[in-house]
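Single-structure report; data block below.
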Amino acid sequence: MSKSVLMIVTSHDRIDADHPTGIWFEEFSVPYGLFRARGYDVTVASPRGGPAPIDPASLEEFSPTEANAAARAVLAETARLDSGFDPDDYDALFFPGGHGTMFDLPDNADVQRLIRRMDAAGKPVAAVCHGPCCFVNVVRENGTPFTIGRDMTAFTDSEEKAVGLDRKMPFLLETRLRGSGANFKPAADWADNTVVDGNLVTGQNPQSSGSAARAVIELLESD
């Protein structure tokens, strides 16, 4: 039977008047394309539903290939996250990043519910770049914080400072994850770095989008 992946993306489109934001396109399009190439059913949801914003800077180096066009078409009509998604219907959960993610996903009750339930079931839970911000407020079914003692990575404080947005974020993601008990595993800025800890998969930055998705595929197909 085909595997089913739920991808959750941001609906937040602006950091401030001078900085439009949204999804970093590579972090969605590359995993989406790899999942579809394996024949997986992929559902895409966002807090507001409808068109999901793409960070315009993330489109500068992307040509209008058939795969990219398919990914953009899916983002033009996402499902509303509060429409009752059942974690039993999905084999894996994947959070692409983009700075918008930092604003509307960490406190989202549906995000926390889906992570908690799918993690408890041992299903792959994955996030890339800013996507791991979704983990910072999650409490596991045993009452412990999701991040405690778990190996993971994310967009580093060094990378955030390099793009000049460290003072514009609600929090610094590496700092928050370390403070919440994660065993944070960084690599050099912009290096492809994916960390797998059991069913948890995290990628550091856009360059890690493909390796994170392939790690999810390996978990799904190792049964």
Side-chain angles (χ1 to χ4, degrees), residues 7-31 44-62 71-72 75-76 78 81-82 94-112 115 126-138 145-147 152-195 202-209 212:
M7 299 183 75
I8 297 178
V9 298
T10 182
S11 291
H12 194 85
D13 64 358
R14 188 162 291 278
I15 297 172
D16 58 25
D18 298 320
H19 296 90
T21 189
I23 306 154
W24 196 261
F25 186 61
E26 179 180 1
E27 295 166 20
F28 175 80
S29 64
V30 170
V44 184
S46 65
R48 296 179 190 168
I54 301 172
D55 190 317
S58 72
L59 296 174
E60 293 176 359
E61 298 181 0
F62 272 75
R72 291 193 72 173
L75 290 175
T78 64
L81 189 52
D82 63 0
F94 195 100
F95 294 96
H99 284 93
T101 307
M102 296 281 287
F103 292 86
D104 65 349
L105 294 187
D107 294 318
N108 186 285
D110 289 295
V111 165
Q112 295 177 27
I115 292 171
V128 64
C129 199
H130 288 90
C133 73
C134 298
F135 303 143
V136 299
N137 295 322
V138 177
F146 180 85
T147 51
M152 62 177 67
T153 192
F155 203 60
T156 65
D157 292 357
S158 175
E159 288 168 321
E160 200 70 84
K161 291 172 184 175
V163 299
L165 293 173
D166 52 304
R167 296 183 181 274
K168 295 184 179 297
M169 291 295 99
F171 53 88
L172 287 175
L173 184 51
E174 176 185 347
T175 295
R176 176 67 69 84
L177 289 170
R178 288 184 184 277
S180 61
N183 297 323
F184 196 83
K185 305 287 187 179
D189 290 1
W190 322 121
D192 181 350
N193 178 35
T194 288
V195 175
T202 48
Q204 179 171 321
N205 46 33
Q207 291 80 0
S208 310
S209 302

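Just so you know, residue 1 is the first one in the sequence shown, and it goes up from there. This one's a predicted model, so the numbers in the text were calculated from it and none came from an experiment. These values consider heavy atoms only, across backbone and side chains, with no hydrogens, waters or symmetry-generated copies.
- Taking 4.5 Å as the limit, every side-chain heavy atom of Cys134 sits out of range of all side-chain heavy atoms of Pro106.
- A donor-acceptor pair is defined here as one N or O able to donate and one able to accept, closer than 3.5 Å; such a pair exists between the side chain of Thr194 and the backbone of Ala212.
- With hydrogens and angles left out, the side-chain atoms of Ser29 and Glu26 include no donor and acceptor closer than 3.5 Å.
- For the side chain to side chain contact (heavy atoms under 4.5 Å, CB included) criterion with Phe95, the lone passing option out of Val128, Thr202, Ile115 is Ile115.
- Val138 is not listed as a side-chain neighbour of Thr147, based on a closest heavy-atom distance of 4.5 Å or more.
- Of all heavy-atom pairs between Arg14 and Asp16, the closest is CG-O, 2.8 Å.
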Item to complete: Apply side-chain contact (heavy atoms from CB on, under 4.5 Å) to the pair Phe155 and Glu174, showing each step before the final yes or no.
Response: CA-CA 7 Å; Phe155 203 60; Glu174 176 185 347; over 6 Å; no

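- Residues Ile54 and Phe28 fail the side-chain proximity criterion, which asks for heavy atoms closer than 4.5 Å.
- Under the 4.5 Å side-chain criterion, counting only non-hydrogen atoms from C-beta, Thr21 is not in contact with Asp13.
- Rounded to the nearest 0.5 Å, atoms CG (Leu177) and CG (Asp157) are 9.5 Å apart.
- A cation-pi arrangement is present between Arg176 and Phe171 under the rule of less than 6.0 angstrom and at most 45 degrees off the ring axis.
- Separation of atoms CZ (Arg48) and CG (Asp104) is listed at 7.0 Å; rounding is to 0.5 Å.
- Contact check for Phe184 versus Pro186: side-chain heavy atoms found under the 4.5 Å cut-off.
- Annotation for Glu27 and Pro206: closest pair OE2-CG, 3.1 Å, computed over non-hydrogen atoms.
- Considering Lys185, Gln204, Gln207 as possible partners of Asn193, the one that fulfils the side chain to side chain donor-acceptor pair (under 3.5 Å) test is Gln204.
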Fill in: side-chain contact (heavy atoms from CB on, under 4.5 Å) evaluation trace for Met152 with Asn183
CA-CA 6 Å; Met152 62 177 67; Asn183 297 323; over 6 Å; no

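- In this structure, His12 NE2 and Thr101 OG1 are separated by 10.0 Å, a value rounded to the nearest 0.5 Å.
- The nearest pair of heavy atoms linking Leu173 to Cys129 is CD2-O, 3.6 Å.
- When all heavy atoms are compared, the tightest approach of Pro20 to Pro56 is CG-CG, 3.9 Å.
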Practice prompt. Start with the C-alpha gap between Leu59 and Arg72, add the side-chain angles, then the distance that decides, and say whether side-chain contact (heavy atoms from CB on, under 4.5 Å) holds.
Written response: CA-CA 11 Å; Leu59 296 174; Arg72 291 193 72 173; 3.8 Å; yes

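- We find the CZ-NZ distance between Phe103 and Lys168 to be 9.5 Å, quoted to the nearest 0.5 Å.
- Scanning both residues, Ala52 and Ile23, for their nearest heavy atoms gives CB-CD1, 3.7 Å.
- Using a 4.5 Å heavy-atom threshold, the side chains of Leu81 and Ser46 count as separate.
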Discussion item. Pair Asn137, Gln112 - check side-chain hydrogen bond (donor to acceptor under 3.5 Å, both in side chains), show working.
Written reply: CA-CA 7 Å; Asn137 295 322; Gln112 295 177 27; 5.9 Å; no

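- Summarising the geometry, atom CG belonging to Leu172 is positioned 7.0 Å from atom CE belonging to Met102; distances are rounded to the nearest 0.5 Å.
- Summarising the geometry of Asn205 relative to Ala191, their closest heavy-atom pair is ND2-O, 2.9 Å, with the distance given to 0.1 Å.
- Although no hydrogens or angles enter the test, the distance criterion places a donor-acceptor pair under 3.5 Å between the side chain of Ser58 and the main chain of Asp55.
- Residues His99 and Glu160 form a side-chain contact, since some pair of their non-hydrogen atoms from C-beta on lies under 4.5 Å apart.
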Item to complete: Begin with the C-alpha distance, continue with both residues' side-chain angles, and end with the deciding distance and a verdict on side-chain contact (heavy atoms from CB on, under 4.5 Å) for Lys161 and Thr156.
Response: CA-CA 9 Å; Lys161 291 172 184 175; Thr156 65; over 6 Å; no

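- The shortest distance between side-chain heavy atoms of Pro47 and Leu105 falls below 4.5 Å.
- Between Asp166 atom CG and Glu159 atom CD the span is 12.5 Å, to the nearest 0.5 Å.
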